[in-house]
Amino acid sequence: MRLPSYDEIARVEEQLDIWEAPFDQSLLIAGPPGSGKTILAIHRAQMIASAGTQVVLVTFSRMLRRLIALLTENNVPTFTMHQFVGQQHYRRKTGARGAPEVRPLVFDWQAMSSELARRAVRPEQVHIIVDEGQDLPAEFFRYVRRFVARTVTIFADEDQALTDQRSSLLDIKRAACLGDPILLSGNHRNTPEVSRLAEHFHTGRLPASEVHRSPSGERPRITHYSTLAAGAERIANWFSTRGGSVGVVVVHNQTGRQLQKSLRDRLKRGRVDMYTSDQRNEDEIDATTPGITILNKESIKGQEFDTVFIMEVDELLPCTKDAQRRVMYMLCARARDNLVLMHPGNRLPAEVLRSLPGTDVLERP
Amino acid sequence: MSTPSQLPLNVPPTKSEGDAPPANEATALPDEGTDNLPEGWLGIATNHRRLFDASQDGWLRPADHTDLLLGYESFIADAEVPAKANVIPVLLAFDPRGLPFPNARKEERIVEVRDGLEPLPKSIRCTAPLSLHAVVKVQVPCIENRDRLAAMAEQLANVALPGAGIDVGASPVIPMRTLPPVNSDRPAFDLPHNLDAVQGAMATATWAVPRIDPWIDLLTAALQGDAAGVEGGARALRASWLDLPWLVGNRRDDPVDAQAALWRAAVSVMRSPTAQGNSASQLAEKIAQAASLSSAMPMADAWARQTQRLVTAEEPLSCMNWRERGAGLAIQLALLRPEPMSFKAWSKDLPNLPPAVWWGAAALCGWRHGYRALDVRFRGDANLQKFHAVQALKASWKGDVSAVIPGDLRSNVQRRKEDGDCFSLTWGGTTVFRKPWHPRARWFNADLTDAAMAKSARDLASKLNWPCLRTPPIGGKGSLFVAGRELPVDLTAVEWLDHDEFRRQLAIEAGEVPDPPRPPDKLPGFAYLPNFITAEEEDELLQHIDDAEWSTELKRRVQHYGWRYDYGQRQIDESMRLGELPFWADKIAKRLVAKGLVAELPDQVIVNEYCGKQGISPHVDQPKSFAEPVATVSLLESWGMKFRRRGGEEKTEKTLERRSVAVLSGDARYKWTHEIPSRKTERVDGKRIPRERRISLTFRKSRIQEDATSNSPAR
């Protein structure tokens, strides 16, 4: 994985505080998307592991678990919460079969706790680091503190919860007996140029967060492609000259499959993968290595790429409703360095151009 | 690795005459904290933030509006200590003889502060940044601190902690005082403004140097500022435009051609303050404009337009006709992938880049990126970092170099051919850079008078279509008149290889060049069989071995079966008979016979355990005690075994793969020594793999038993 420079870490005081926290100190950290939580979680885990203490990373989603496992090159054990609890249950042999559930995928925390308490199980010398803490139930944190680990570091984003078992920051703080959260702010993912276009689609009460990266001069661009083959040509050229990780967003999976074939024909080197959530093929894709990953607009959530191409923008633009703006905002924010909006057809319709910011923000042909 | 003994002596520390040391000095410095330090060291007590900040480019700068105050053989607190619980106190001791900027601290050796507090011990005030390469000791208060410091550094791309290692211990720290203002007549020393760019370019140029003689010579010329040497070398390599970024600023002559003008423009535009935060297309435009100023050129415009099409991905990058547009191509490479980490991938994505384009672009990339932000993997080891620090300061210092760099640090760098497949650069007796030759270099240095080699070279040249094959001007049937007599002849034109041209092509032309054919095996008597045992058998053997008791009489652990061996006496006698081989060893011994690898059934097995960098020095297995063939089975890891011809220079290395057997007889047994080199890593498939543990089983047949049985048949 790309390691930061010290200047990059030291630029933000809270980031430095987390970075420097002694390894036996429990922490609660909150921050919006793009504030660098996952990366800090990985760094903390790797530091603790290299100092010789046992450490485990726990996430909610399989996709994030996979991403972290790739970034750490499997140096730190990484589990989803369900895997982790199941494994703990097995290890302690607290029951004949799997961990008890009240309904599928919802653990019976009470049953597990009373059994562990009956056996006077005590937490061990291990550091548990949780990412996506907002998506895990508060009972999990209580369980971890009481029976599993003496030290925990929990990263969470209150506004980003996906599940009905979600926890608020206050829930986590109480359940895990932690002090006040360290608040991470700011956008560490996008260049100011990318962020400016994303902000154009920003909705909601909270202001967009401050960008911490330095300008690159590379403005996002909108362009058109007469045929899908011409679009693929453009993406193939880009990848062969720039390298890095390229994410291609499609509205329709069918387009994605055609594009994948077309790109594979054009590129002698490099991988061209397609990910759809129904295929559950995340374990076959290594999105951290240079290459092209094609995803639909739903499955790109939570991921980031050096360059993002958004295909079929005719179906996304112009945005007339807040829901559409939220989608465009989310898609644009996936790009770290470069962003290209790709409009099918022989020209860019005037009403689309009118709805977009000027050339100081978005280049056009 | 800068140990005190390696630090060049330049400015011997002056002991102030007749000045009694402060009364508290002796008691203040407990032995544990300050041993192993050279006399006259200078100390400062700072913290890990300052250390990390300084480690990025190797310079500890004075905090704002202050000077650095260094204790003479004591630690004085740094001006800037953040009041945070998690900040780790760090003590740094410098060897003043290794510090650049001697003049910056010559003036004031002692600072007396008359502020009613205890007198400050002897101290030195420094107006210039301190080079971390002169650090001889880093000390933190406790093990937790040391581990955390090291763990944090590992997670940073651009931090290389001082090579001295981190000690744990307590030493007293003298509080800092507010100092009287600096003497205004003393010159202020600061680092040159383009030092970071120069050092960045030097680092990437060294890292990327095409590993073939003429390029390495060009690099060494450039690193020591030999501008004329670089010019001549580049011309000979048919890339007159190519110049190293740190030399460009001093050129006074006009660029030789349009490509050279473009290159110089790129070097100057990429570091100009107004180009900060510019996109690739903006930079291309500025470069084309600047190039057009020095000579009117439609070519620069065309280049800028083409670059624009590359930037918007309308066309892919191509190396076609690179000879006419080398500079333009190199600049495009650097513009399209400005991050050194992504630049590195060009070598994979465009494996056939011509050396001049690849190398020029790499230097330009480091020039633009700078050293401070550069990933440590481009910087080399501590010796190379120190070397680059000194060369960069020398190259970017505007005035008299002797004022900033101690004399012994000014020695020249030299290229050395190493044994085997490597070359190295040495500087003042230290190896600063060592890499294997490129396959091209092996051709370049091959003996082309050897018929087989010459044929392979002709085949290569014709495959790559290089213009170095010549045909004689005559051929066909006819007559030749010699001394009045007519001789019928039938001449077939045979192509011959122009050696000079072949070598030039190797150095400059693009194309994939495989390794030249290897000379035939020179280790007769060495027999080798991979996968001699199966993975299951390996597991089984390991279990038996690990269940048995180890002897710890040597540094490495050993087990003896059949016969004990006396390492002091270097022989065995009858009293050392231990008995039959255990069944698991016997099974392998019998297989050695069955496969015809040894003639007689071995009756002794020595199990050796090698961990990490453990090895065994060159030796020949006792000919007196043991019969001819010696068989070694390797478990767990594949390590190299080195052979040296006794009384000669020749050496060779064989990899003993995991689960293989190697049998030494004949010359390999008697005329060559063998050894397991002491080193930390093994090269497997071109990758360095850290060593962990290798177990070897050596099977031998004792000679004693033969005698014993013949002398006393009753036994």
Side-chain angles (χ1 to χ4, degrees), chain A residues 1-10 13 16-25 39 42-53 191-193 214-219 221 223 233-244 266 268-270 290 306-307 309 337-338 340 363 365, chain B residues 48-49 51-56 82 84-88 143-148 150-159 275-283 309-317 332-333 335-339 341-346 348-351 372-376:
Chain A
M1 75 187 267
R2 185 193 167 274
L3 295 176
S5 70
Y6 181 70
D7 282 340
E8 284 170 311
I9 291 290
E13 188 71 22
L16 190 57
D17 285 342
I18 297 161
W19 182 268
E20 289 171 340
F23 303 152
D24 57 358
Q25 187 179 327
I39 295 298
I42 290 174
H43 284 311
R44 187 155 170 81
Q46 288 182 334
M47 285 186 208
I48 294 169
S50 101
T53 304
T191 60
E193 288 85 356
S214 6
S216 67
E218 304 284 345
R219 276 170 292 163
R221 186 175 294 123
T223 186
E233 181 78 39
R234 188 62 80 95
I235 296 169
N237 282 345
W238 178 279
F239 177 67
S240 69
T241 51
R242 303 296 181 103
R266 282 180 169 76
K268 271 174 280 168
R269 289 165 212 279
D306 295 337
T307 304
F309 285 88
D337 304 332
N338 289 95
V340 187
E363 270 183 43
Chain B
H48 83 267
R49 289 187 175 180
L51 177 65
F52 280 166
D53 182 66
S55 297
Q56 298 184 95
K84 290 251 181 183
N86 298 338
V87 167
I88 302 170
I143 292 174
E144 188 275 337
N145 284 170
R146 184 194 62 193
D147 291 351
R148 189 148 57 92
M152 285 194 282
E154 262 178 44
Q155 295 297 310
L156 294 169
N158 66 334
V159 162
Q276 291 282 311
N278 274 193
S279 68
S281 27
Q282 286 167 315
L283 284 173
R309 289 196 299 279
L310 289 173
V311 167
T312 55
E314 282 161 75
E315 60 180 70
L317 193 76
Q332 286 167 345
L333 289 184
L335 283 175
L336 291 167
R337 299 191 184 176
E339 282 287 320
M341 282 309 285
S342 54
F343 182 88
K344 189 178 166 191
W346 279 126
K348 236 198 236 152
D349 296 343
L350 284 177
R372 189 176 170 87
L374 191 66
D375 200 299
V376 287

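Contacts between B:Q282 and chain A at a heavy-atom distance below 4.5 Å involve the side chain alone, from C-beta outward. Neither the backbone nor the side chain of B:N145 comes within contact range of chain A; no heavy atom of the residue lies under 4.5 Å from a heavy atom of that chain. Heavy atoms closer than 4.5 Å to chain A are found nowhere in B:A153, neither backbone nor side chain. For B:R372, the part sitting under 4.5 Å from any heavy atom of chain A is the side chain, from C-beta outward, and nothing else. For A:N338, no part lies near chain B; criterion is any non-hydrogen pair under 4.5 Å. Of the two parts of A:E8, neither the backbone nor the side chain holds a non-hydrogen atom closer than 4.5 Å to a non-hydrogen atom of chain B. Contact annotation for A:I9: only side-chain heavy atoms (C-beta onward) come within less than 4.5 Å of a heavy atom of chain B. Interface remark: B:M341 contributes no atoms to any contact with chain A (heavy atom separation under 4.5 Å). In this structure, the portion of A:R269 lying under 4.5 Å from any heavy atom of chain B is its side chain and not its backbone. Heavy atoms of B:Q332 lying under 4.5 Å from chain A are absent altogether. Proximity to chain B (any heavy atom under 4.5 Å) is restricted, for A:S216, to the backbone atoms N, CA, C and O. In this structure, the portions of A:R234 lying under 4.5 Å from any heavy atom of chain B include both its backbone and its side chain. B:T312 touches chain A through backbone and side chain together, each having a heavy atom under 4.5 Å away. Both the backbone and the side chain of B:E154 come within contact range of chain A, judged by heavy atoms closer than 4.5 Å.
Summarising the geometry of A:R44 relative to A:I18, their closest heavy-atom pair is NH1-O, 3.9 Å, with the distance given to 0.1 Å. Across all their heavy atoms, B:L336 and B:W346 have their closest contact at CB-CZ2, 4.1 Å. Between A:S5 and B:N158 the shortest heavy-atom distance is CA-OD1, 3.2 Å. Contact record, A:P192 with A:S214: CD-O, 3.6 Å, taken as the closest heavy-atom pair.
For the pair A:H43 and A:P4, the minimum side-chain heavy-atom distance is below 4.5 Å.
At least one donor-acceptor pair under 3.5 Å links the side chain of B:R337 to the backbone N or O of A:T241. Distance alone, capped at 3.5 Å, is enough to place a donor-acceptor pair between the A:R242 side chain and the B:V311 backbone. In this structure, B:R148 contributes its side chain and B:N86 its backbone to a donor-acceptor pair below 3.5 Å.
Side chains of B:S342 and B:E339: a donor-acceptor N/O pair is absent below 3.5 angstrom, by distance only.
One distance of note links CD of B:E315 with CG of A:N237; it measures 8.0 Å at 0.5 Å rounding.
Contact tally against chain A (heavy-atom pairs below 4.5 Å) for B:A280, B:S279, B:P338, B:G277: the top residue is B:S279. No other option in A:E363, A:R219, A:R221 has as many heavy-atom pairs under 4.5 Å with chain B as A:R221.
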